[in-house]
Amino acid sequence: MPDHQFVLTLSCPDRPGIVSAVSTFLAHNGQNILDAQQFNDVETGHFFMRVVFNAADVNVDLPALQTGFGAIAERFKMDWQMRDQETRRRVMLMVSQSDHCLVDILYRWRTGDLEMIPTAIVSNHPRETYKDLDFGDIPFHYMPITKETKREQELAIWDLVQSTQTDLVVLARYMQILSDEMTKKLSGRCINIHHSFLPGFKGARPYHQAHARGVKLIGATGHYVTSDLDEGPIIDQDVERISHRDTPEDLVRKGRDIERRVLARAVRYHLEDRVILNGKKTVVFVN
């Protein structure tokens with residue numbers, strides 16, 4: 001049996017016969033289902049599904065499969081995507097001064113944990129800020145920004161996204177707020193990492209604010225970027241318990257670790273087609 005794998009993701013209004021239609025179509029076209037996950041959101045009446053499959057005996061013509069599945073998708077009013085898993089997504093990384101998330105993503109990419117093609121590293125700080133980091137052949141773009149040049153800078157970033165055929169933008173601790181115009185252009189394909197606490201602390205020195213309030217948990221949230229600052233659909237979260245013995249510096253150190261692993265998981269879930277938008281939420285089919 002061929003090892004070449006494909007993935008189908010879909011969402012649609014829930015009704016009887018969806019699973020049967022999908023599985024029957026794949027079987028009739030010589031495909032073998034390797035993994036299937038589904039979820040029915042009873043609150044919204046929407047159905048979500050992720051199917052991994054390959055050819056039962058011969059290689060598949062993906063465009064022909066996509067064309068054939070179009071009739072089923074139209075019948076059930078599906079938002080759907082069928083993709084070759086060997087086609088790696090093209091990812092742009094944006095960063096400011098803190099480089100811990102950037103370093104972690106690059107490491108995971110080099111070791112094969114994140115299967116992607118880095119298209120560019122974009123920063124509002126010069127290359128010298130990362131003089132100890134090896135970016136290899138990944139192009140680095142210094143794009144400074146001020147209040148007066150924000151629109152010009154974002155237009156340059158968007159031009160770069162288009163010229164590099166970037167599929168996903170990752171804000172790896174990029175400490176600038178994207179405009180509403182930019183977030184709309186990147187809807188569903190821009191992931192941010194945010195320090196999240198109970199209660200939440202906004203603004204500068206959040207870990208110091210948390211320490212001053214004596215919090216017992218610190219955490220981070222990986223989410224899609226929307227015009228509502230830090231309120232986009234959540235992909236992944238994690239927390240760590242702390243105590244009165246922890247200093248603000250301890251919280252910063254532990255916070256960096258949480259941010260790294262949460263962002264890496266969020267990016268991996270997106271790259272592996274495990275995330276489906278569900279209004280202001282997400283459905284995440286983890287393995």
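- If you run side chain to side chain contact (heavy atoms under 4.5 Å, CB included) between I138 and each of I117, L106, T119, only L106 comes through.
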Between Q176 and N124, does the side-chain contact (heavy atoms from CB on, under 4.5 Å) criterion hold? Intermediate values first, please. CA-CA 9 Å; Q176 296 291 326; N124 57 324; 3.3 Å; yes
Sequence neighbours excluded and cut-off under 3.5 Å, please list the side-chain donor-acceptor pairs for residues 66-81, or say none.
unit_1: Q66; atom_1: NE2; unit_2: M82; atom_2: O; d: 2.8
unit_1: T67; atom_1: OG1; unit_2: P63; atom_2: O; d: 2.9
unit_1: Q81; atom_1: NE2; unit_2: D273; atom_2: OD1; d: 2.9

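- Judged by distance alone, with hydrogens and angles left aside, the side-chain atoms of T129 form no donor-acceptor pair with the main-chain N or O of Q97 at under 3.5 Å.
- Looking at K150, its side chain does come within 3.5 Å of a backbone N or O of I177 through a donor-acceptor pair.
- Residue pairs meeting the ring pair (Phe, Tyr, Trp, His ring centres under 6.0 Å) criterion with at least one member in residues 82-111, sequence neighbours excluded, do not occur.
- Not counting sequence neighbours, the partners of F6 by the ring-ring contact (aromatic ring centres under 6.0 Å, His included) test are H4, F53.
- Taking the side-chain hydrogen bond (donor to acceptor under 3.5 Å, both in side chains) definition, one finds that T183 meets it with nothing, sequence neighbours left out.
- For the atom pair S11 OG and I18 CD1, the distance stands at 10.0 Å (nearest 0.5 Å).
- Residues I193 and G222 come closest through the heavy atom pair CD1-N, 4.0 Å.
- In this structure, the side chains of R265 and D238 come closer than 4.5 Å at one or more pairs of heavy atoms.
- Under the 4.5 Å side-chain heavy-atom criterion for ILVMFWY residues, no single connected hydrophobic cluster contains both I234 and L271.
- Not counting sequence neighbours, the partners of H270 by the ring-ring contact (aromatic ring centres under 6.0 Å, His included) test are Y224.
- The closest donor-acceptor contact from the side chain of K216 to the backbone of G214 lies under 3.5 Å.
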Using the side-chain contact (heavy atoms from CB on, under 4.5 Å) rule, take Q37 and R274 through it: C-alpha gap first, then chi angles, then the decisive distance, then the call. CA-CA 10 Å; Q37 294 174 286; R274 297 184 179 278; 4.1 Å; yes
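- Within 6.0 Å of CD in E152 there are 12 or fewer heavy atoms belonging to other residues, nucleotides or ligands.
- For the pair P13 and R15, the minimum side-chain heavy-atom distance is 4.5 Å or more.
- Closest approach of E115 to G112, counting heavy atoms only: CG-O, 3.8 Å.
- When all heavy atoms are compared, the tightest approach of G188 to L277 is CA-CD1, 4.2 Å.
- The nearest pair of heavy atoms linking T282 to I235 is OG1-CA, 4.1 Å.
- Checked by atom type and distance alone, the side chain of N29 never pairs as donor or acceptor with a backbone atom of Q31 at under 3.5 Å.
- Inter-residue side-chain proximity for T166 and V91 is flagged as unmet; no heavy-atom pair is nearer than 4.5 Å.
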Please step through side-chain contact (heavy atoms from CB on, under 4.5 Å) for the pair L8 and R50, ending with a clear verdict. CA-CA 6 Å; L8 166 68; R50 177 181 186 269; over 6 Å; no
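- Atom SG of residue C12 and atom CE of residue M49 lie 10.0 Å apart, to the nearest 0.5 angstrom.
- By the salt bridge (Lys or Arg N to Asp or Glu O under 4.0 Å) test, D84 pairs with no residue at all, sequence neighbours left out.
- Hydrophobic clustering of Ile, Leu, Val, Met, Phe, Trp and Tyr side chains at less than 4.5 Å, counting indirect connections, unites I121 with M116.
- Remark: L263 CG to H194 NE2 distance equals 13.5 Å, nearest 0.5 Å.
- Environment of CD in E43: sparse, with no more than 12 heavy atoms of neighbouring residues, nucleotides or ligands closer than 6.0 Å.
- Within the structure, ring pair (Phe, Tyr, Trp, His ring centres under 6.0 Å) pairs that include any residue of residues 117-140 comprise Y130-F140, F135-F140 (at least two apart or interchain).
- Qualifying side-chain hydrogen bond (donor to acceptor under 3.5 Å, both in side chains) partners for R151, counting only residues two or more places apart in sequence or in other chains: E181.
- No donor-acceptor pair under 3.5 Å is formed between the side chain of Q38 and the backbone N or O of V19.
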Would you check, one step at a time, whether the test salt bridge (Lys or Arg N to Asp or Glu O under 4.0 Å) holds for D228 with K280? CA-CA 11 Å; D228 295 324; K280 294 184 178 180; 5.5 Å; no
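- In this structure, the side chains of F39 and D41 come closer than 4.5 Å at one or more pairs of heavy atoms.
- The nearest pair of heavy atoms linking P233 to T226 is CD-CG2, 3.7 Å.
- Looking only at side-chain heavy atoms (C-beta outward), L168 and I191 come within less than 4.5 Å of each other.
- Checked against salt bridge (Lys or Arg N to Asp or Glu O under 4.0 Å), R253 has the following partners two or more places apart in sequence or in another chain: D250.
- No side-chain heavy atom of I105 sits less than 4.5 Å from a side-chain heavy atom of R108.
- Here the CZ-CZ distance, from R261 to R268, works out to 14.0 Å after rounding to the nearest 0.5 Å.
- Looking at R260, its side chain never comes within 3.5 Å of a backbone N or O of C101 through a donor-acceptor pair.
- Checking side-chain atoms of S163 against main-chain N and O of D159 turns up a donor-acceptor pair under 3.5 Å.
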Evaluate V283 against F285 for side-chain contact (heavy atoms from CB on, under 4.5 Å), listing each step before the verdict. CA-CA 7 Å; V283 173; F285 291 119; 3.7 Å; yes
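- The pair D167-R90 does not meet the salt-bridge criterion, since no charged nitrogen lies less than 4.0 angstrom from a carboxylate oxygen.
- Taking the salt bridge (Lys or Arg N to Asp or Glu O under 4.0 Å) definition, one finds that D14 meets it with nothing, sequence neighbours left out.
- For L10 against I276, the heavy-atom pair with the smallest separation is O-CD1, 3.6 Å.
- Put simply, the side chain of E249 does not reach to within 4.5 Å of the side chain of H211, judged on heavy atoms.
- To the nearest 0.5 Å, atoms CG (D236) and OG1 (T221) are separated by 8.5 Å.
- I145 and V170 fall into different hydrophobic clusters, where Ile, Leu, Val, Met, Phe, Trp and Tyr side chains are chained together by heavy-atom contacts under 4.5 Å.
- Residue I157 belongs to a hydrophobic cluster whose other members are M92, M94, V122, M143, W158, L160, V161, V169, L171, Y174, L178, M182, L186, V225, with links defined by side-chain heavy atoms closer than 4.5 Å.
- Between L217 and I242 the shortest side-chain heavy-atom distance does not fall below 4.5 Å.
- Between the CG atom in L155 and the OG atom in S179 there is a gap of 8.5 Å [rounded to 0.5 Å].
- Its side chain outside the 4.5 Å cluster rule for every partner, M175 clusters with none of the Ile, Leu, Val, Met, Phe, Trp and Tyr residues.
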